[in-house]
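Notes for the one structure printed next.
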Amino acid sequence: MSLKTQIRLGVCLMLALLLGLGSYVLLTIARLETETPSVQLTNALAAQHAVWLFLFISSALGIVLMVRLPRLVVRPLHRLTADVERVAAPGPVTRVAVTRNNEIGSVAAAVNRVLRQAEDERRATLAELITQRNRTDSLVRGLDEGLLLIDQHGLIVLANPVACLLLGQPAKELLGQPAAAVARHNEMLREWLHALDKPAAPPADSASNPEANRPAGPVYTVRPHGENLHYQLTVSPVTEVNEQLQQAVPAGHVFCLRDVSAFKNLDQVKSEFLATISHELKTPLSSINLSLMLLQDERLEAARRQEIAGGIRSETQRLLGMVGQLIEVARLDAGRGIKLTLGPVPLPEVVRYATDIVRAQLTDKALRLSLKLAEPLPAALADVEKTTWVLINLLSNAIRYSPHGAGLTIRAVPWGEMVQLSVEDEGPGISKEYHQRIFQRFGGVPGAAQVRGGSGLGLSISREFITAQGGQLWVESQPGAGSCFTFTLPAAN
């Protein structure tokens, strides 16, 4: 029974009693008017008793309704309020009890529906927050840069694996600790914190140059795995909006350690390249200058003059080759690409021409050249000039690194739909860790290319020439066992 119905029934019962008693009094008074005096006295007493009974019953009903009706209305509301407060308080209770099927029960059921919807939304929001947190955590952990976050109270609140590696401490020893306390026994962190004491850089136009507000910081060199790694420190302030002050307030600093090892290595390689190329240019120029001075001597015999002229020609060819390499690199850097004239190229003729070019170098070192060309050998679909240049470069490198009196082998065989050509030497060999580096510009084996006089450009250009023709160029080598440089080209139909 609903609360409204209960109230209506109580009021109707009270009205019925009052109406009944009132009707009885009215009937008694009407009878008194028509009866004899002797009977009137008796009926008057009865009417008086009826009136007193009416007043008593009316008072009793009024008192009962005054006490019962508020309790009937307010008690379910108090119970509902208590249930809602228990649900709102921390604890396992998540539903409001529905005791009766009335208005209060309807309100409780509606509150439960709202709570279920709020619980579903809370779970969805929590799942999304967990997903975003895991995604952010994976992103921070996967960075190849060191990231350290210190809040406005000086506590370390975030340190990714790279930052922990640089600091030499695990994350559990850093997170939640005061940065100043950790810096007392950590020299690296102490140096990082010194960057906060430096004056800030003047503001720049962030719209045209967003990185201008992040000036380059100091570079630190570490050796976590025996190899020199260079990290550049950048410190950025963190701010948050204060709703009361309606302005941004400091919330800490982010220390970002960017890996600049590649740039440092490139600078070092370029410096070594400049030193090498300067030496390589100076040597033939000095030889040419000396030869020209000898040619000016009129007493020199004609045969000797021819010999000196041949030396000048050889040194000039060497200079032209080096300048040609630099020109090719400049063209490729300018984005002009490689111009190819493809056609059937008989590899035996290319081998014969290349060996004739390096014949003098072979003779100087008494090297034994062996040609192993398959029969029949299909023609290659290639650019004859670029292919010959690559083979000459590989032969020149093999001669440069081969010991006196060693052997060289040139092989050419069909290889499926390709033709494979290789140059094998008996030099010192190359460690596997440098197999890819030697094909990079200005790359090479540390301590070898510079001593031997290599420019560090030939193999890089050779690979680009072969790749542009649809082939591949690689090396197979190990220390003390020589090297075998191999390239493939498409076979002509």
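Keep in mind that what you see is a predicted model, and the values were worked out from it rather than measured.
- Using a distance-only test at 3.5 Å, with no hydrogens or angles considered, a donor-acceptor pair links the side chain of S477 to the main chain of I430.
- Distance alone, capped at 3.5 Å, places no donor-acceptor pair between the D151 side chain and the G252 backbone.
- With hydrogens and angles left out, the side-chain atoms of Q478 and S431 include no donor and acceptor closer than 3.5 Å.
- Put simply, the side chain of N160 gets close to the backbone of L147: a donor and an acceptor are under 3.5 Å apart.
- Counting heavy atoms from C-beta outward, C484 and V475 have side chains that stay 4.5 Å or more apart.
- Not one N or O on the side chain of D425 forms a donor-acceptor pair closer than 3.5 Å with the backbone of S402.
- Panel note: side chain T488, backbone Q472; a donor-acceptor pair is recorded below 3.5 Å.
- With hydrogens and angles ignored, the 3.5 Å screen pairs no side-chain donor or acceptor of T387 with any backbone N or O of V384.
- Of the possible donor and acceptor atoms, none in the side chain of R411 sits under 3.5 Å from a partner among the backbone N and O of V423.
- Formation of a donor-acceptor pair under 3.5 Å by the R190 side chain with backbone atoms of A183 is found in this model.
- Between W474 and W415, the ring-plane angle classifies as tilted under the 30° and 60° cut-offs.
- Put simply, the side chain of H404 gets close to the backbone of K365: a donor and an acceptor are under 3.5 Å apart.
- Atom CG of L394 sits about 6.5 Å away from atom CG of L459, to the nearest 0.5 Å.
- For the residue pair Q169 / N186, a side-chain donor-acceptor distance below 3.5 Å is found, with atom types taken as modelled.
- A donor-acceptor pair under 3.5 Å is formed between the side chain of Q469 and the backbone N or O of D383.
- Interatomic distance, L369 CG to T363 OG1, rounded to the nearest 0.5 Å: 10.5 Å.
- Checking V235, I150, L166 one by one against W192, the side chain to side chain contact (heavy atoms under 4.5 Å, CB included) holds for a single residue, L166.
- In this structure, E385 places its CD atom where only 12 or fewer heavy-atom neighbours from other residues, nucleotides or ligands lie under 6.0 Å away.
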